Number of protein chains: 2
Amino acid sequence: MTKVRTGEGPAERPKAAVMEDVAELAGVSAMTVSRVLNAPEKVRPETRARVLAAVRELDYRPNSAARVLVTGRSGVLGVVCFDTTLYGPASTLYGIEQAARDSDYLVSIASLPALNRSWITRGIDRLRSQSVDGVIIVAPHESAAEGLRNLPAGLPVVDVGGGADLPVPVAAVDQYAGAVRATRHLLSLGHGTVWHVSGPPNWIDASGRVAGWRSVLEAEGREVPEPLVGDWTAHSGYEIGKRLAREPDVTAVFVANDHMAMGVLRALREAGRRVPEDVSVVGFDDVPEAAYFWPPLTTVRQNFGEVGRQAFQLLLDRIAGVDGEARRMVEPELVVRESTGVRA
Amino acid sequence: MTKVRTGEGPAERPKAAVMEDVAELAGVSAMTVSRVLNAPEKVRPETRARVLAAVRELDYRPNSAARVLVTGRSGVLGVVCFDTTLYGPASTLYGIEQAARDSDYLVSIASLPALNRSWITRGIDRLRSQSVDGVIIVAPHESAAEGLRNLPAGLPVVDVGGGADLPVPVAAVDQYAGAVRATRHLLSLGHGTVWHVSGPPNWIDASGRVAGWRSVLEAEGREVPEPLVGDWTAHSGYEIGKRLAREPDVTAVFVANDHMAMGVLRALREAGRRVPEDVSVVGFDDVPEAAYFWPPLTTVRQNFGEVGRQAFQLLLDRIAGVDGEARRMVEPELVVRESTGVRA
DNA sequence: CTCGTCCATGGTATCGGTAACAGATCCCAG
DNA sequence: CTGGGATCTGTTACCGATACCATGGACGAG
């Protein structure tokens, strides 16, 4: 009954209780303890009570490694992601984590030093070696598609952000629809056409937004200016904004994210072009600060948390062996503030 | 040699290779395979080569659950954190993750729905049940201290952000020093005193910044205005900014983070008070966009990535049993831009 | 030529749980 | 009073790796 300590070793810890200890204290077999923990209704209430009392007394906690070894399930899901300091990925990750917590899953993350096929594969491998039950990829880049070509058989995988023809289920915000709304909004204000500051090439969200923007202009028979390519940062938005400010016929700009939009706003202002009187600007994301930009930014809100939850749900289905719908699109929402106005 | 498949079960997967399979293919015992993987120098080169060939051929990967069960080490570290969409925590997490990757550690995260003692304890428990080798707490809140009072013995824990008298090693940015620099900078520009927009009560960073700011004012014999308490959001900064704008004697404001500073800037501008001509504003964090605020924000840069790396290093030491230095302070840096100027 | 030593490898027990089956117990009908 | 099922609990055999000790062969010394 009393704890036996080995007289040696620097870390003189009382070894943690195991199932056998609980069984002994409760006067039952280890199997019964296991049942109490996993299928309580199969154990007589009074026995159960004794076992639970012993569990509390010894502060027993099951060893997950042993459980994983025999059941094959870990209760851990993996997330492969690129830069989690970016607002979108961070929020998505947060959504996943919350959903996971509610379902008693734990989340392991494998972040990538670069976005390409080989790193993505390595990230998945790293997680797989920890016996995760499934993996969510948050890497909205074309290279993700390649990385997903030959997945280890039997590992449930879900992708966030999408791309064409992925061999796995996808949860994503409908970038195309968001860009359509932003562009239509600007046209409806009387602008002849809409310039576009895009995200970096090969990013799925970036190309989705370009496609939506272009399709509206083409459908309306408007001139389609060449998109100006940024890298998501305010700095790149600023540099591009300086160029835009020099073009007097630019009156409406759709910027592929809020941070770049911030840079554009500053460049326009410095060049003496008023927003929205001279130029209207629409962003994308609706970061929490967007309402406090100068002027408050009209933008397209993405519900990243919801995307994360949907991705988790898809993964859960997949783990359960359900081959349900393979695509969950979350609708973005245009939030009109003060950076857009009718054409002067 | 050929794989035997059970004729049933919906998931008809060829069961993954185990160490015994590799051993058989290589014509050695499982023990030798284990040695090749863990202590290659103890195996004759030619045998080693045969084993490695078999490993590749079968795409063998060790089962970590089995390894954990016998070694007691998982190669996983846990991070307990609150809101990972905030810039600071997200960046810290990212720093931890990168450092962990370089050392072949995996990171599991347990995010908390609320910051208090009980949730922190639960977060640690959740991670512990997955046999993490150690835990890093990223919850710069006073409740963390309580949550750390009675830790499970033998679990290495490191705290990020600090607080007084924690029973565990701490890695943090020196908030006090940062606030001192910001305040001195404002005084050096000729301002009579400095107002302060603080973070929410009970947040460690918030109180550290208040203390640094107050100490400078007191040391210089300046009036110490009552701090105005925000909640880190641009919105709260805006509301507080409106109040500040009504006070004509407010000429210098030290705001406890950049997002609130953004709200303050907007409120001042709307009230017709020019920055920096009428009022100087200093932020804290140096988010990547700070240089594109209007005007570009003078702020205190925190190297969150470095904090994350230091925390990981401390944890690694702790796991190795080294009881080295228990505090790693990262120096913040004042970045002067255009939101501060000499008093008119 | 024999013995001791070292090196490479193998055998076996073990980590802490759970699946599958077996056995004990209880209750009630006949 | 006994048989038959239903319900509860125990026994045993693993899951896949590593620790520890044992063993066989090569080799140098005496």
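As the structure is a prediction and not an experimental result, all values here were calculated from the model. Every heavy atom of this structure was used, including side-chain atoms; hydrogens, water molecules and symmetry mates were not.
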Choosing from [options], which nucleotide comes nearest the side chain of [X]?
{"X": "B:Arg35", "options": "C:dT18, D:dG10, D:dC20", "value": "D:dC20"}
{"X": "A:Ser29", "options": "C:dT18, C:dG10, D:dG10", "value": "D:dG10"}
{"X": "A:Thr71", "options": "D:dA17, C:dT18, C:dG17", "value": "C:dT18"}
{"X": "A:Asn63", "options": "C:dG10, D:dT11, C:dG17", "value": "C:dG17"}
{"X": "B:Arg67", "options": "D:dA17, D:dC20, C:dC21", "value": "D:dA17"}
{"X": "B:Val70", "options": "C:dC15, C:dG11, C:dA20", "value": "C:dC15"}

What is the distance, rounded to the nearest whole Å, between atom [atom1] of [X] and atom [atom2] of [N]?
{"X": "A:Leu37", "N": "C:dA19", "atom1": "CG", "atom2": "P", "value": "12 Å"}
{"X": "A:Leu69", "N": "D:dG16", "atom1": "CG", "atom2": "P", "value": "7 Å"}
{"X": "B:Met19", "N": "C:dG11", "atom1": "CE", "atom2": "P", "value": "15 Å"}
{"X": "B:Glu20", "N": "D:dC15", "atom1": "CD", "atom2": "P", "value": "11 Å"}
{"X": "B:Met31", "N": "D:dT18", "atom1": "CE", "atom2": "P", "value": "7 Å"}
{"X": "A:Gln130", "N": "D:dG16", "atom1": "CD", "atom2": "P", "value": "16 Å"}
{"X": "A:Lys42", "N": "C:dA24", "atom1": "NZ", "atom2": "P", "value": "20 Å"}
{"X": "A:Asp21", "N": "C:dG16", "atom1": "CG", "atom2": "P", "value": "9 Å"}

Review point. Looking at B:Thr32, does any N or O in its side chain come under 4.0 Å of the phosphate oxygens OP1/OP2 on C:dG10?
Key: yes
Check your understanding: Reckon A:Arg44 has a side-chain N or O less than 4.0 Å from the OP1 or OP2 of D:dC8?
Key -> no
Check your understanding: Do any N or O atoms from the side chain of B:Arg50 and from the backbone of B:Ala26 form a donor-acceptor pair under 3.5 angstrom?
Key -> yes
Review point. With no hydrogens and no angle check, is any side-chain donor or acceptor of B:Asp159 less than 3.5 Å from a backbone partner on B:Val170?
Key: no
Practice item. Test side chain to side chain contact (heavy atoms under 4.5 Å, CB included) on B:Arg67 and B:Asn38 and set out the steps. Key: CA-CA 11 Å; B:Arg67 176 181 291 176; B:Asn38 298 308; 3.9 Å; yes
Practice item. Assign B:Val68 to base, sugar-phosphate, or nothing according to its heavy-atom contacts below 4.0 angstrom with the strands shown. Key: nothing
Review point. Checking all strands, does A:Thr47 fall into the base, sugar-phosphate, or nothing category for heavy-atom contacts under 4.0 angstrom?
Key: sugar-phosphate
Review point. Any ion pair linking B:Glu306 and B:Arg309 (charged N to carboxylate O, less than 4.0 Å)?
Key: yes
Check your understanding: If each of A:Pro45 and A:Ala30 is mapped to the nucleotide of DNA chain D with the nearest heavy atom, which maps nearer the 5' terminus, i.e. the 5' end?
Key -> A:Pro45
**Study point:** Nearest-nucleotide comparison on DNA chain C, the residue closer to the 5′ end among A:Ser34 and B:Val43
**Key:** B:Val43
Exercise for review: For A:Asn38 and for B:Gly27, find the nucleotide of DNA chain C with the closest heavy atom, then tell me which residue's nucleotide is more 5'.
Suggested key: B:Gly27
**Study point:** Pair of N/O donor and acceptor under 3.5 Å linking C:dG16 base with A:Arg61 side chain
**Key:** no
Check your understanding: Taking all atoms of both residues into account, what is the closest heavy-atom pair of B:Glu20 and B:Ala30, and its distance?
Key -> OE1-CB, 3.8 Å
Check your understanding: Of the non-hydrogen atoms in B:Met19 and B:Tyr60, which two are nearest, and what is the gap between them?
Key -> N-CE1, 3.4 Å
